[in-house]
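These notes concern the structure reproduced below.
Order of appearance sets the numbers: ligands from 1, and atoms from 1 within every ligand. Atoms considered below: every heavy atom in the structure, side chains included; atoms not considered: hydrogens, waters and symmetry mates.
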Amino acid sequence: MNAFSLRDGQLHVEALPLTEIAAQYGTPCYVYSRRAITEAWREFAQACAGRQVLICYALKANSNLAIIDLLAREQAGFDIVSAGELRRVIAAGGSASRIVFSGVGKSTQELREALLAGVRCFNVESGAELERLNRVAGEVGRRAPVSLRVNPDVDAGTHPYISTGLRENKFGISHDEALETYRRAASLPNLEVVGIDCHIGSQITSLAPFTAALDKVLELVDRLHEQGISLHHIDLGGGLGIRYDDEEPPSRAALIHAVFERLDAHPRAAQYEALFEFGRSIVGNAGALITRVEYLKQNGERHFAIVDAGMNDLMRPALYEAWHAVQPVTPRAGPPTQFDIVGPVCESGDWLARNRTLCLAEGDLLAVMSAGAYGMAMSSNYNTRPRPPEVLVDGSRAHLIRERETIESLFALERRLPD
Ligand code: LLP
């Protein structure tokens, strides 16, 4: 579904005009559609119906408590990468027993906290982490359920910064070393080997990398089985892409079906629970960043629309040269101009969109689309800019799910020097 649509010359989210949200909460402001998130989730869930599956939501895409809460009510599992994300899930009413803990650099304190909370599984990324987890588990008197994140050496065909499945990435344990590391894991007293996982990258727009990774993982599963190491689950990570521009990613259901077609062909298929860790494909298209045009300006041949949201609010364009659609909230008639949409931050990299043909005037509202994933989650306070509020819309009702930060709060933890 598309939660954002033009009605009566006004861009709406669900049944609410974005002008109303801007009037009530100011700009810049993140806005999300409750229905779009729920429907994305249910498309995955329905495609998995009747199977042994845990679909996890990768919190890093958008970790607002209301969104976690919404997905916890849908029986989601959660993929976390820090103690901070663990506490968010608990604070939002999620259950530790449905959490997988990913990440290449979990600290001792984080391992301890997650063990005591009783997370479902640790996705371990190195031999060194395995040894540390075994030690910490011994100290707290728990057995740690582990999965090894294997690196299947598959090219996800996506931006190099978000591609993680190649041998040269820092992620996972190489395919060649996986067997040895599993043998070690099985021999350690405080660990219980329960699964295998991989995650090959993000914003993947075709099925082939997923099925190639699954084949590599299944090959390992068989070799482990031969050696007497049997697993309970296979976690294929996340990474399904969304449409920002003209991409045509497979549907959520198509991905799930392709995975099960392969899994079902496996002789011991019934033995394995399938896990997924989707982030972007659940929340990405459900959100937009509303911003207001402060100034129009021309430098040489280039026309700039300077808006009140900057790279600190939405970092993806500056960091990955990511493309986000920009829609006027109240489109106006008139001769269009080619604009670069730039923010107020003192960096040339502070742009949100380039070469967009629009008819704009000072004070106009724009919506930067597909900003629900890795938008607010990656925002910062650079230039001492308070982060925007977040609003979740349900039909014609708006819920403020995060207040705009105050300027004072930005330096409240800082101290002047003594006299
Ligand atoms: N599991 C693991 C282990 C991950 O590292 C990630 C994302 C996910 C799951 C979720 O992937 P998704 O379904 O959202 O693609 N900031 C970048 C994306 C970084 C992704 C990092 N890992 C961006 O804005 O495009």
> Numbering the atoms of ligand 1 from 1, which are under 4.0 Å from a heavy atom of Gly238?
Replying inline: 9 (C), 13 (O)
Run the side-chain donor-acceptor check on residues 66-80: report pairs under 3.5 Å with partners two or more places apart or on a different chain.
from: Asp69; atom 1: OD1; to: Arg73; atom 2: NE; distance (Å): 3.0
from: Asp69; atom 1: OD2; to: Arg73; atom 2: NH2; distance (Å): 3.0
from: Glu74; atom 1: OE1; to: Arg42; atom 2: NE; distance (Å): 2.9
from: Glu74; atom 1: OE2; to: Arg42; atom 2: NH2; distance (Å): 2.7
from: Asp79; atom 1: OD1; to: Ser102; atom 2: OG; distance (Å): 2.6

>> I'd like to know if Arg87 pairs up with Glu113 as an ion pair, taking the criterion as any Lys NZ or Arg NE/NH1/NH2 lying under 4.0 Å from an Asp or Glu carboxylate oxygen.
In response: yes
> Should the proximity of Asp79 to ligand 1, defined as any heavy atom under 4.0 Å, be assigned to the side chain, the backbone, both, or neither?
Replying inline: side chain
> Which atoms of ligand 1 have any heavy atom of Glu277 under 4.0 Å away?
Replying inline: 1 (N), 2 (C), 3 (C), 8 (C), 9 (C), 10 (C), 13 (O)
>> Under 4.0 Å from a heavy atom of Gly279: which atoms of ligand 1 are those, numbered in the order shown and with their elements?
In response: 12 (P), 13 (O), 14 (O)
> Counting from 1, what ligand 1 atoms have a heavy atom of Arg280 closer than 4.0 Å?
Replying inline: 12 (P), 13 (O), 14 (O), 18 (C), 23 (C), 25 (O)
> What's the spacing between Tyr182 OH and Ile173 CD1 if we round to 0.5 Å?
Replying inline: 7.5 Å
> Side chain, backbone, both or neither: which part of Tyr320 has a heavy atom under 4.0 Å from ligand 1?
Replying inline: side chain
> If you measure from each non-hydrogen atom of His199 to ligand 1, which part falls under 4.0 Å: side chain, backbone, both or neither?
Replying inline: side chain
>> Could you tell me, atom by atom, which parts of ligand 1 come under 4.0 Å of a heavy atom of Arg149?
In response: 3 (C)
> Less than 3.5 Å between some nitrogen or oxygen of Leu240 and one of ligand 1, yes or no?
Replying inline: no
> In ligand 1, which numbered atoms sit nearer than 4.0 Å to a non-hydrogen atom of Phe278?
Replying inline: 13 (O)
> Taking the six-membered ring where the residue is Trp, are the ring centres of Phe44 and Phe278 under 6.0 Å apart?
Replying inline: yes
> Is the shortest N/O to N/O distance between Ser281 and ligand 1 below 3.5 Å?
Replying inline: no
> Which ligand 1 atoms does Ser202 reach within 4.0 Å, using its non-hydrogen atoms?
Replying inline: 11 (O), 12 (P), 14 (O), 15 (O), 20 (C)
> What part of Ala61, side chain, backbone, both or neither, has a heavy atom within less than 4.0 angstrom of ligand 1?
Replying inline: neither
> Is it the side chain, the backbone, both or neither of Arg316 that has a heavy atom closer than 4.0 Å to ligand 1?
Replying inline: side chain
> With the threshold set at 4.0 Å, does a side-chain nitrogen-carboxylate oxygen contact exist between Arg183 and Glu180?
Replying inline: yes
> Can you tell me how far CG of Asp340 sits from CH2 of Trp351, rounded to the nearest 0.5 angstrom?
Replying inline: 8.5 Å
> Ion pair present between Glu405 and Arg402, side-chain N to carboxylate O less than 4.0 angstrom?
Replying inline: yes
> Quick one: ring-ring contact (aromatic ring centres under 6.0 Å, His included) pairs with a partner in residues 227-252, sequence neighbours left out?
Replying inline: Tyr244-His324
> Numbering the atoms of ligand 1 from 1, which are under 4.0 Å from a heavy atom of Gly239?
Replying inline: 11 (O), 12 (P), 13 (O), 15 (O)
>> To check you understand the geometry: which heavy-atom pair defines the closest contact between Ala398 and Leu16, and what is its length?
In response: CB-CD2, 3.8 Å
> What heavy-atom pair brings Pro388 and Asp313 nearest, and what distance separates the two atoms?
Replying inline: CD-OD1, 3.2 Å
